[in-house]
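For reference, the structure is listed below as C-alpha cells.
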Amino acid sequence: MRRRSVLLAAVPAGLVTLAGCGDNKSTSSSKASAAPSASASSVPPPKIVDGPLPAITAGTKFDEKPTVAKGSGDPSKNLAVKTVIAGSGKSVAENDFIQANYLGQIWSTAKVFDQSYDRTPLLMQLAQGSIIDGWLYGLAGKKVGSRVLMAVPPTWGYGSSGNSQAGIKGTDTLVFVVDVLNSFNSKSSSTGKEVAQSDAALPKVGTNTDGKAPSIDIPKADPPKKLVSNYVLEGDGAEVQSAQTILCQFKGEVWDSGKTFEQTYESGRLAQFSVEQMQQVVKGLAQGITGKKVGSRIVVVVPPDLAYGNNPPSGGVVKKGSTLVFSVDILAAM
C-alpha cells in the first residue's frame with residue numbers, strides 16, 4: 001500500500017476534485033474531508049529569513065535523496081528559506097499544483113519523519129487548507145528545477161498540537177528539503193507528440209497546447225459500441241496505473257448533441273481524481289485513462305454501459321443511453 005504523506009493538511013473526499021488553480025477561486029466539486037493537521041491558515045504570513053539552516057551533508061544533487069545535519073542551536077522563530085539549487089523553469093504561484101520530491105526531519109533530533117524519494121513524487125496544490133503554510137509561503141515564487149531548504153516553526157507547520165502520527169511535537173521546528181520537479185495551473189496542457197487521427201468514424205480532437213479547450217468534432221454517424229481510447233498527443237511519461245490519482249484538464253461532450261456537459265478548460269480549475277474511484281462514476285473514462293502515458297492528450301469514447309447508462313445526472317444534457325466523448329490532458333499522476 002502506498003504510504004500517505006503527512007504533509008497534506010486536507011484531502012479530497014469525493015470522486016472528482018475540481019481545484020482552483022492559477023487564480024484565487026479555490027473550488028471543489030466535493031467536500032474536503034477533515035484530516036489531522038495543525039496548519040493554521042488563520043495565522044499571519046511569516047517573515048521569511050535566510051537562516052539558520054542545517055547543512056545538506058550528502059545527496060547534494062537535484063532530485064537526489066539528501067542527508068541533512070541536525071539543527072545547531074535554536075531555530076529561528078521566523079520561516080527560514082534558502083534556494084540551494086536555482087532552477088530555470090517556470091515560477092510557482094499560490095494555488096498552482098506542484099510535483100516534488102521532499103525530505104522532512106525534526107530540527108532538534110534530525111529524525112526523518114517523512115520523505116518521498118523512495119516512493120513517488122508528491123502531487124499537491126499550494127493552497128491554504130491543502131498543505132502546511134510553511135510550504136505555501138516558502139515555495140511560492142520558486143522556479144521548477146529548484147532545490148529549496150526550509151526550517152518551518154510550529155506556527156506555520158502543525159501548530160501547538162503537532163502531528164502524533166509522524167512523531168512531531170507541538171514545539172518542533174521542521175526542516176525540509178524540497179526538489180520542485182514540475183508545476184501546473186489552469187493554463188497547462190499536454191505537450192506530447194501529435195498522433196494522426198485518421199479514422200473518420202471517430203471524433204477528431206484539436207491539438208492546441210495553449211491551455212484553451214481543444215475542439216471536438218464528432219462525426220454525424222452512429223457511435224462505436226465499444227470503448228475507444230486513442231492518443232491525440234502522445235507524451236513520454238510513465239503509464240497511468242489503476243491505483244493512481246491523476247491531475248488533468250478535460251472536456252466532456254455528448255455524442256448525439258455535441259453539447260458540453262463538463263470541462264475544466266478556461267474555468268480556472270484543474271481536475272484531480274483517483275482512477276479507482278472514477279470506476280464508480282464513469283467506468284469507461286477510468287479504463288480509457290489507465291495505461292496511457294502522462295503528458296498525453298487522449299480522446300475517450302464511452303458507450304452507455306460504461307458511462308451513465310439509464311441513470312444520467314438529473315437536469316443535464318446527458319440523457320439515458322448517451323455515448324460520451326472526452327478529451328483528457330493527463331498532466332501528472334501520483
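In this structure, Gln287 has no side-chain hydrogen bond (donor to acceptor under 3.5 Å, both in side chains) partners at least two apart in sequence or on a different chain.
Here the shortest heavy-atom pairing between Thr173 and Pro154 reads OG1-CD, 3.9 Å. Lys143 and Ser91 make their closest contact through CG-OG, 3.7 Å (heavy atoms, listed as atom of the first residue, atom of the second, distance). The heavy-atom pair separating Ala69 from Thr57 by the smallest distance is CB-CG2, 4.1 Å. The nearest pair of heavy atoms linking Val205 to Pro214 is CG1-CB, 4.0 Å. The nearest pair of heavy atoms linking Arg269 to Gln263 is NH2-O, 3.8 Å. Scanning all heavy atoms of the two residues, the minimum distance from Gly321 to Pro304 falls at O-CG, 3.1 Å.
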With side-chain contact (heavy atoms from CB on, under 4.5 Å) as the test, would you mind laying out the steps for Leu126 and Asp96 before giving the verdict? CA-CA 6 Å; Leu126 281 185; Asp96 283 0; 5.5 Å; no

Is there a side-chain contact (heavy atoms from CB on, under 4.5 Å) between Asp114 and Tyr102 once you walk through the steps? CA-CA 8 Å; Asp114 199 12; Tyr102 66 94; 2.8 Å; yes

Steps toward side-chain contact (heavy atoms from CB on, under 4.5 Å) verdict (Leu247, Gln125): CA-CA 10 Å; Leu247 182 70; Gln125 190 179 19; over 6 Å; no

Trace of the side-chain contact (heavy atoms from CB on, under 4.5 Å) decision for Leu174 with Ile106: CA-CA 5 Å; Leu174 310 178; Ile106 297 170; 4.3 Å; yes

Evaluate the criterion salt bridge (Lys or Arg N to Asp or Glu O under 4.0 Å) for residue pair Lys82 and Asp50; output intermediate values, then yes/no. CA-CA 6 Å; Lys82 180 181 180 182; Asp50 57 8; over 6 Å; no

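Taking the side chain as every heavy atom from C-beta outward, Thr191 and Leu233 never approach each other to under 4.5 Å. Counting heavy atoms from C-beta on, the side chains of Gln197 and Leu202 never come closer than 4.5 Å. Contact of the Val302 side chain with the Leu227 side chain is registered, since non-hydrogen atoms from C-beta on lie closer than 4.5 Å. Contact of the Ser322 side chain with the Tyr308 side chain is not registered, since no non-hydrogen atoms from C-beta on lie closer than 4.5 Å. Residues Met334 and Pro121 have side chains not in contact (no heavy-atom distance under 4.5 Å, counting atoms from C-beta outward). Using a 4.5 Å cut-off on side-chain heavy atoms (C-beta onward), Ile98 and Met124 make contact. Pro52 has its side chain within reach of Ser76: a pair of non-hydrogen atoms, C-beta onward, lies under 4.5 Å apart. Contact of the Val301 side chain with the Pro203 side chain is registered, since non-hydrogen atoms from C-beta on lie closer than 4.5 Å.
For Asp210, the CG atom counts as densely surrounded, since its 6.0 Å shell holds more than 12 non-hydrogen atoms of other residues, nucleotides or ligands. Within 6.0 Å of CG on Asp217 lie more than 12 heavy atoms contributed by other residues, nucleotides or ligands.
Taking OG of Ser164 as the start and NZ of Lys169 as the end, the distance is 13.5 Å to the nearest 0.5 Å. The structure places NZ of Lys65 at 11.0 Å from CG of Asn101, a figure rounded to the nearest 0.5 Å. Going from atom CD1 of Ile289 over to atom SG of Cys248 covers 6.0 Å, rounded to the nearest 0.5 Å. Distance check: Asp305 CG to Thr323 OG1 gives 9.0 Å after rounding to the nearest 0.5 Å. Distance check: Lys142 NZ to Ser183 OG gives 14.5 Å after rounding to the nearest 0.5 Å. Residue Ile330 holds its CD1 atom at 4.0 Å from CD1 of Ile298, rounded to the nearest 0.5 Å.
Asp329 contributes no side-chain N or O that, together with a main-chain N or O of Leu331, makes up a donor-acceptor pair within less than 3.5 Å. Between the side chain of Tyr231 and the backbone N or O of Lys293, at least one donor-acceptor pair lies under 3.5 Å. Counting only distance, with no hydrogens or angles, the side chain of Arg297 and the backbone of Thr209 share no donor-acceptor pair below 3.5 Å. Between the side chain of Ser190 and the backbone N or O of Ser296 there is at least one donor-acceptor pair closer than 3.5 Å. In this structure a side-chain-to-backbone donor-acceptor pair under 3.5 Å is present from Ser229 to Gly288. In terms of modelled atom types and a separation under 3.5 Å, the side chain of Thr264 and the main chain of Phe250 share a donor-acceptor contact. Listed for the Gln249 side chain is a donor-acceptor partner under 3.5 Å among the backbone atoms of Ser188. Trp255 contributes a side-chain N or O that, together with a main-chain N or O of Ala221, makes up a donor-acceptor pair within less than 3.5 Å. Between the side chain of Lys187 and the main chain of Phe184, no donor-acceptor pair closer than 3.5 Å is present.
Clustering of Ile, Leu, Val, Met, Phe, Trp and Tyr by side-chain heavy atoms under 4.5 Å joins Phe62 with Leu53, Ile56, Val68, Val84, Ile85, Leu103, Trp107, Val112, Tyr117, Leu149, Val175, Val177, Leu181.
Leu139 and Val81 fall within the same hydrophobic cluster, defined by Ile, Leu, Val, Met, Phe, Trp and Tyr side-chain heavy atoms under 4.5 Å apart, directly or through other members. Under the 4.5 Å side-chain heavy-atom criterion for ILVMFWY residues, a single connected hydrophobic cluster contains both Phe261 and Met278. Val195 is not connected to Val325 by any chain of hydrophobic side-chain contacts under 4.5 Å among Ile, Leu, Val, Met, Phe, Trp and Tyr, and they are in different clusters. One hydrophobic cluster holds both Ile131 and Leu123 under the rule that ILVMFWY side chains link at heavy-atom gaps under 4.5 Å. Val178 and Ile168 fall within the same hydrophobic cluster, where Ile, Leu, Val, Met, Phe, Trp and Tyr residues are linked whenever their side-chain heavy atoms come under 4.5 Å apart, directly or through other members.
Taking the six-membered ring where tryptophan is involved, the planes of Trp135 and Phe176 are perpendicular, since the angle between them exceeds 60° and thus also 30°.
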